[in-house]
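Quick caveat, the model's predicted, so the values are computed rather than measured. Lettering follows sequence order; numbering is per chain, from 1.
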Amino acid sequence: GEDVEQSLFLSVREGDSSVINCTYTDSSSTYLYWYKQEPGAGLQLLTYIFSNMDMKQDQRLTVLLNKKDKHLSLRIADTQTGDSAIYFCAEPPGNRDDKIIFGKGTRLHILP
Amino acid sequence: NAGVTQTPKFRILKIGQSMTLQCTQDMNHNYMYWYRQDPGMGLKLIYYSVGAGITDKGEVPNGYNVSRSTTEDFPLRLELAAPSQTSVYFCASRGAGSRNEQFFGPGTRLTVL
């Protein structure tokens, strides 16, 4: 069945780069997503990548997609205290577009 | 636009009580979703709707009911609250945009004692 896996915790020093990894199972997904959840709030779309792309860069964010290994990563350059949040990897299951499956989320903790 | 609004923000229920979690969106989105979030478990889809009058079960529908009589509103009903339903509940909506982005409400924190 469809599944999205990611590690639960990551600690990074302020100013360093953060890399959050995700593996997914469905190779037919058109998009793959990264959502961000700040404390006490709902999720918000952070970035996304088309499945026919290898990389997408948006300011401090870089998304890398390895379709062969079904691996997605999110790199945050120059990590700031405001980046402290839970980051969810997500994909639509089975090429459907009416719902998406979320990973369990990676909690990013920023060390001073 | 207010986006997706949820009420109440917090609620404590006794076992066996019932309640309705309200969700409203003002973006004219056809798709709406209810998720529950438990620590370390990510989001689990409870019910979803692809348009007014149409609802479908998600991953964890037992103990819940929904209705979608209008495009704007998608209430979630708990009939006989159980401690296992203690969670944070999020409503989301999605339009017909090409990237299928879901917009989330601020959540309702429910405790069943």
Side-chain angles (χ1 to χ4, degrees), chain A residues 1-10 20 22-26 28-53 56 58 63 85-109, chain B residues 2-7 9-10 21 23-25 27 29-51 54-61 66 68 74 87-109:
Chain A
E2 304 93 6
D3 203 5
V4 177
E5 298 282 345
Q6 50 183 131
S7 55
L8 294 183
F9 298 100
L10 177 66
I20 302 171
C22 167
T23 56
Y24 61 95
T25 55
D26 198 315
S28 62
S29 300
T30 305
Y31 303 89
L32 292 142
Y33 307 90
W34 284 104
Y35 279 78
K36 177 182 180 182
Q37 183 182 28
E38 296 187 353
L43 280 69
Q44 193 167 13
L45 182 66
L46 184 65
T47 187
Y48 66 99
I49 187 167
F50 289 103
S51 58
N52 62 359
M53 297 171 66
K56 178 181 179 181
D58 182 4
V63 179
I86 303 175
Y87 293 82
F88 292 89
C89 175
E91 67 158 349
N95 205 27
R96 300 176 62 153
D97 71 347
D98 57 351
K99 55 183 177 178
I100 57 177
I101 292 177
F102 291 89
K104 290 183 169 55
T106 300
R107 184 180 294 273
L108 177 61
H109 178 61
Chain B
V4 180
T5 56
Q6 292 183 239
T7 57
K9 285 186 169 33
F10 305 94
L21 282 66
C23 175
T24 300
Q25 54 91 9
M27 296 173 282
H29 286 169
N30 283 330
Y31 298 80
M32 294 188 76
Y33 307 86
W34 274 106
Y35 296 93
R36 58 177 289 172
Q37 183 180 28
D38 301 301
M41 298 301 293
L43 273 77
K44 300 288 188 186
L45 182 64
I46 305 171
Y47 271 96
Y48 68 107
S49 169
V50 300
I54 305 169
T55 61
D56 273 299
K57 294 179 181 178
E59 218 178 332
V60 289
V66 293
R68 185 92 184 272
F74 191 40
S87 189
V88 181
Y89 291 85
F90 289 100
C91 179
S93 73
R94 200 208 94 192
S98 60
R99 66 184 185 193
N100 298 338
E101 176 181 357
Q102 291 190 17
F103 294 83
F104 282 78
T108 294
R109 184 175 292 276

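Only the side chain of A:Leu8 comes within less than 4.5 Å of a heavy atom of chain B; its backbone N, CA, C and O stay farther away. For B:Arg109, no part lies near chain A; criterion is any non-hydrogen pair under 4.5 Å. Neither the backbone nor the side chain of A:Gln6 comes within contact range of chain B; no heavy atom of the residue lies under 4.5 Å from a heavy atom of that chain. Neither the backbone nor the side chain of B:Phe103 comes within less than 4.5 Å of any heavy atom in chain A.
Residues B:Gln37 and A:Phe88 come closest through the heavy atom pair NE2-CZ, 3.4 Å. In this structure, B:Leu43 and A:Phe102 approach most closely via the heavy-atom pair CB-CD1, 4.2 Å.
One distance of note links OH of A:Tyr48 with CG of B:Asn100; it measures 10.5 Å at 0.5 Å rounding.
For B:Met41, the CE atom sits in a loose shell: 12 or fewer heavy atoms of surrounding residues, nucleotides or ligands are nearer than 6.0 Å. A 6.0 Å sphere centred on NZ of B:Lys57 holds no more than 12 heavy atoms belonging to other residues, nucleotides or ligands.
Between B:Asp56 and A:Asp98 the shortest side-chain heavy-atom distance does not fall below 4.5 Å.
Looking only at distances, a side-chain donor or acceptor of A:Tyr35 sits under 3.5 Å from a matching main-chain atom of B:Gln102.
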